[in-house]
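Here is the structure we will look at, set down as structure tokens.
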Amino acid sequence: MEVLSVSHAFLMTEIMCFSILVVSCNHISLKGNSQSNFLFGTASSSYQFEGAFLNDGKSLNNWDVFSHKPGNILDGTNGDIAVDQYHLYQEDLDLMDYIGVNSYRFSISWARILPKGRFGKVNRAGIDHYNKLIDALLLRGIQPFVTLTHYDIPQELEDRYGAWLSPLLQEDFRYYADICFKFFGDRVKYWSTFNEPNVLAIRGYRSGIYPPSHCSLPFGNCISGDSEREPFIAAHNIILSHAAAVNVYRTKYQKKQEGSIGIVMNAVWYEPISSSLEDKLAAERAQSFYINWFLDPIVHGRYPAEMHELLGDDLPEFSMFDMEMLKNGLDFIGINHYTSFYSKDCMISPCEPGPGVSRTEGYALRTAQKDGIYIGEPTAVDWLYVHPQGMEKMVTYIKERYNNTPMFITENGYAEEANSNTTNEEQFNDVKRVEYMRSYLQALADTMRTKGADVRGYFVWSLLDNFEWTSGYTVQFGLHHVDNVTLKRTPRLSADWYRQFIVNNTLQILSAQE
Ligand code: GAL
């Protein structure tokens with residue numbers, strides 16, 4: 001911690017006192033509905049953290065290929081090395097240990113386990129790597145919370161099938177999931193099939209800014225694609241792939257391994273821009289075309305009514321068999337919640353072109369401003385505004401729509417710009433991140449207490465600065481700063497704040513049990 005100046009230390013004391021005060025006075029207690037095993041963790045993903053991109057038998061995946069194409073990543077970088085967690089995981093476990101988390105959310109690199117999908121052999125070195133990581137976590141009392149795919153798939157499958165456009169990929173995913181349950185399921189008790197399939201479908205097949213770069217005008221300028229149809233085809237195959245993996249887990253493994261399985265959604269809160277009925281319905285449609293799009297089929301066996309009405313034949317259909325297999329197709333819902341937007345109706349009164357206004361997005365304009373005022377303080381990324389009220393509304397919405405299915409906040413975090421001109425003071429005294437986490441955790445605790453929401457864990461994005469997809473390394477989300485050249489990890493104020501927060505909560509939980 002030699003980089004911390006005197007004023008950093010002073011500021012930290014101030015903020016710690018503040019947080020302790022808040023914890024004891026306002027009772028930020030995240031113990032959930034009587035369970036004392038609330039998970040506190042940090043989240044990550046294989047492509048953003050691991051590096052080691054062709055080491056030990058791993059093949060190319062879609063993000064390796066995409067990020068190597070000039071122009072795709074803002075700063076021209078890629079995840080070849082990322083933060084090299086593949087080699088440095090013991091060091092990162094020390095950081096987690098210091099913070100005191102009891103869970104770590106990471107994803108498995110599909111191309112490390114099955115370099116050629118189901119058309120090749122299992123890569124033993126890949127299995128060994130995750131075995132070592134899982135064992136090392138458990139040795140420290142940290143529960144692995146594992147995602148099967150966080151946007152990345154072996155390039156072989158993208159080339160063969162055009163990725164998620166083909167129903168054949170369902171069989172590949174089922175096969176891959178089976179292997180993961182078989183090799184790791186004796187120790188992994190929390191599985192999620194997909195990370196943010198809604199973002200994947202939208203960015204991969206509507207705007208085309210993520211692989212496989214499919215889109216059509218006016219949504220984007222790609223070589224191929226159909227922005228009005230392909231997102232729904234990809235989503236349909238993802239939903240059925242999820243169901244196939246859950247089915248394997250439930251029939252072959254769950255009873256013996258005693259774990260649970262869910263899916264992680266990106267969850268934006270859409271606040272109606274006015275109190276008019278039209279804008280309220282627009283906000284509802286925005287949710288249906290974003291989260292309910294996936295969760296309704298998985299929980300209730302059918303797409304939301306609004307999607308049927310607006311999309312007609314552009315929405316694929318589930319067979320009777322699919323519907324049966326889908327119902328109650330998860331044990332928990334993972335919620336990645338960072339931000340909120342206003343939603344304005346464009347169905348009754350047409351809107352100017354803008355995000356959300358098309359038929360295939362539900363005719364609901366998405367905007368961060370109302371009367372020139374932002375919904376919350378802007379941050380270093382154009383999609384993240386600080387609006388902690390959204391946490392309460394989002395969790396309550398999901399609780400009510402999905403019968404209080406157990407929930408985990410699988411990601412929540414704050415972005416700052418990577419800027420070589422910032423002073424150490426600015427770089428490490430991340431007071432805004434601390435305030436963001438404090439206010440969102442407060443909102444979460446309130447929702448659990450006042451609404452009885454069954455939330456069972458909270459994961460910060462992220463332990464370390466890392467490769468932020470198309471933004472490369474220009475944006476930082478870490479509780480620890482990572483030097484891009486030496487890869488040295490240095491704690492920020494927020495790491496210490498989170499540590500103190502966990503200590504206080506653990507104490508509360510213990511005292512509540514006495
Ligand atoms: C999420 C995504 C993460 C991370 C985070 C911050 O949507 O799952 O991989 O990039 O956003 O932007």
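As a basis for the values below, the full set of heavy atoms in this structure was taken, side chains included, without hydrogen atoms, waters or symmetry mates.
- The backbone N or O of Phe66 lies less than 3.5 Å from a partner atom in the side chain of Asn72, making a donor-acceptor pair.
- No side-chain donor-acceptor contact under 3.5 Å links Asn466 and Tyr473.
- The closest side-chain heavy-atom distance from Ile238 to Leu200 is below 4.5 Å.
- Using cut-offs of 30° and 60° for the angle between ring planes, the Phe467 and Trp63 rings count as perpendicular.
- With a 4.5 Å cut-off on side-chain heavy atoms, Asp279 and Ser275 do not count as touching.
- With Asp430 contributing its side chain and Leu493 its backbone, the two residues share a donor-acceptor pair below 3.5 Å.
- Arg105 places a side-chain N or O within donor-acceptor distance of the main-chain N or O of Thr410, the cut-off being under 3.5 Å.
- To the nearest 0.5 Å, atom CD of residue Glu271 and atom NZ of residue Lys280 are 10.0 Å apart.
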Criterion salt bridge (charged side-chain N to carboxylate O under 4.0 Å, His left out) on Arg449 and Asp446, from CA distance to verdict: CA-CA 5 Å; Arg449 199 182 55 249; Asp446 290 347; 3.3 Å; yes
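- Centroid-to-centroid, the aromatic rings of Phe341 and His387 stay 6.0 Å apart or farther.
- Asp152 and Ser46 make their closest contact through OD2-OG, 3.2 Å (heavy atoms, listed as atom of the first residue, atom of the second, distance).
- Classification of the Tyr440-His337 ring pair by plane angle, with boundaries at 30° and 60°, yields tilted.
- Without hydrogens or angle criteria, Thr360 side chain to Glu228 main chain gives no donor-acceptor distance under 3.5 Å.
- Residue pairs that meet the salt bridge (Lys or Arg N to Asp or Glu O under 4.0 Å) test with at least one member in residues 365-387, sequence neighbours left out, are Glu377-Lys432.
- Using the six-membered ring where Trp is involved, Phe501 and Trp497 have ring planes that are parallel, under 30° apart on the 30 and 60° scheme.
- Without hydrogens or angle criteria, Arg174 side chain to Ser241 main chain gives no donor-acceptor distance under 3.5 Å.
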Ring pair (Phe, Tyr, Trp, His ring centres under 6.0 Å) assessment of Phe173 paired with His242: CA-CA 8 Å; Phe173 189 68; His242 164 91; 8.3 Å; no
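- When ring centroids are compared, Tyr385 and Tyr338 stay outside the 6.0 Å threshold.
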Full working for ring pair (Phe, Tyr, Trp, His ring centres under 6.0 Å) between Phe40 and Tyr458: CA-CA 5 Å; Phe40 283 111; Tyr458 171 90; 7.1 Å; no
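- Interatomic distance, Thr405 OG1 to Leu330 CG, rounded to the nearest 0.5 Å: 6.0 Å.
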Worked check of salt bridge (charged side-chain N to carboxylate O under 4.0 Å, His left out) between Asp314 and Arg359: CA-CA 11 Å; Asp314 287 338; Arg359 173 183 64 97; 2.8 Å; yes
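- In this structure, a donor-acceptor pair under 3.5 Å is present between the side chains of Asn195 and Asn336.
- The heavy-atom pair separating Gln254 from Ile261 by the smallest distance is NE2-N, 4.5 Å.
- Proximity of the aromatic rings of Phe459 and Phe145 is defined here by a centroid distance below 6.0 angstrom, and this criterion is met.
- Side-chain atoms of Val460 and Leu479, non-hydrogen and from C-beta on, do get closer than 4.5 Å to each other.
- Between Ile239 and Phe294, the closest side-chain pair of non-hydrogen atoms falls below 4.5 Å.
- Side chains of Thr149 and Tyr176: no donor on one and acceptor on the other come within 3.5 Å.
- Panel note: side chain Asn404, backbone Gly452; a donor-acceptor pair is recorded below 3.5 Å.
- Between atom CG of residue Asp64 and atom NZ of residue Lys69 there is a gap of 12.0 Å, rounded to the nearest 0.5 Å.
- Here OG1 of Thr470 is found 10.0 Å from CG of Asp75. Values are rounded to the nearest 0.5 Å.
- The distance from atom OH of Tyr270 to atom OG of Ser340, rounded to the nearest 0.5 Å, is 10.0 Å.
- Closest non-hydrogen pair, Ser494 versus Arg433, comes out as OG-CD, 3.6 Å.
- Using modelled atom types and a 3.5 Å distance limit, the side chains of Asp172 and Tyr161 yield a donor-acceptor pair.
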Glu392 and Lys451: CA distance, side-chain angles, deciding distance, salt bridge (charged side-chain N to carboxylate O under 4.0 Å, His left out) verdict: CA-CA 9 Å; Glu392 176 161 6; Lys451 308 268 172 53; 3.1 Å; yes
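- Of all heavy-atom pairs between Pro316 and Tyr303, the closest is O-CE1, 3.4 Å.
- Note on Asp465 versus Arg492: salt bridge recorded, some NZ/NE/NH1/NH2 to OD/OE distance being below 4.0 Å.
- Using modelled atom types, no side-chain atom of Gln143 and backbone atom of Ser103 make a donor-acceptor pair closer than 3.5 Å.
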Worked check of salt bridge (charged side-chain N to carboxylate O under 4.0 Å, His left out) between Glu284 and Arg401: CA-CA 12 Å; Glu284 187 62 36; Arg401 192 169 181 105; 3.4 Å; yes
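- For an aromatic pair to be called close, the ring centres must be under 6.0 Å apart, and Phe428 with His481 satisfies this.
- Side chain of Thr379 to backbone of Leu384: a donor-acceptor contact under 3.5 angstrom is found.
- The shortest distance between side-chain heavy atoms of Tyr151 and Arg203 does not fall below 4.5 Å.
- A heavy-atom distance below 4.5 Å is found between the side chains of Ile335 and Ile398.
- Between His150 and Phe106, the ring center distance fails the sub-6.0 Å criterion.
- Between Ala43 and Ser462, the closest heavy-atom pair is O-OG, 2.7 Å.
- A ring-centre distance under 6.0 Å is found for Phe408 and Phe332.
- Below 30°, between 30° and 60°, or above 60°: for Trp164 and Phe194 the angle between ring planes is above 60°, a perpendicular geometry.
- You'll find the ring centres of Trp461 and Tyr414 outside the 6.0 Å limit.
- Here the side chains of Trp293 and Pro231 are in contact, with some heavy-atom distance below 4.5 Å.
- Nearest heavy-atom pair, Gln476 versus Glu417, reported as atom, atom and distance to 0.1 Å: OE1-O, 4.1 Å.
- Ile108 has its side chain within reach of Cys180: a pair of non-hydrogen atoms, C-beta onward, lies under 4.5 Å apart.
- Between the side chain of Arg285 and the backbone N or O of Gly362, at least one donor-acceptor pair lies under 3.5 Å.
- Formation of a donor-acceptor pair under 3.5 Å by the Arg456 side chain with backbone atoms of Ile409 is not found in this model.
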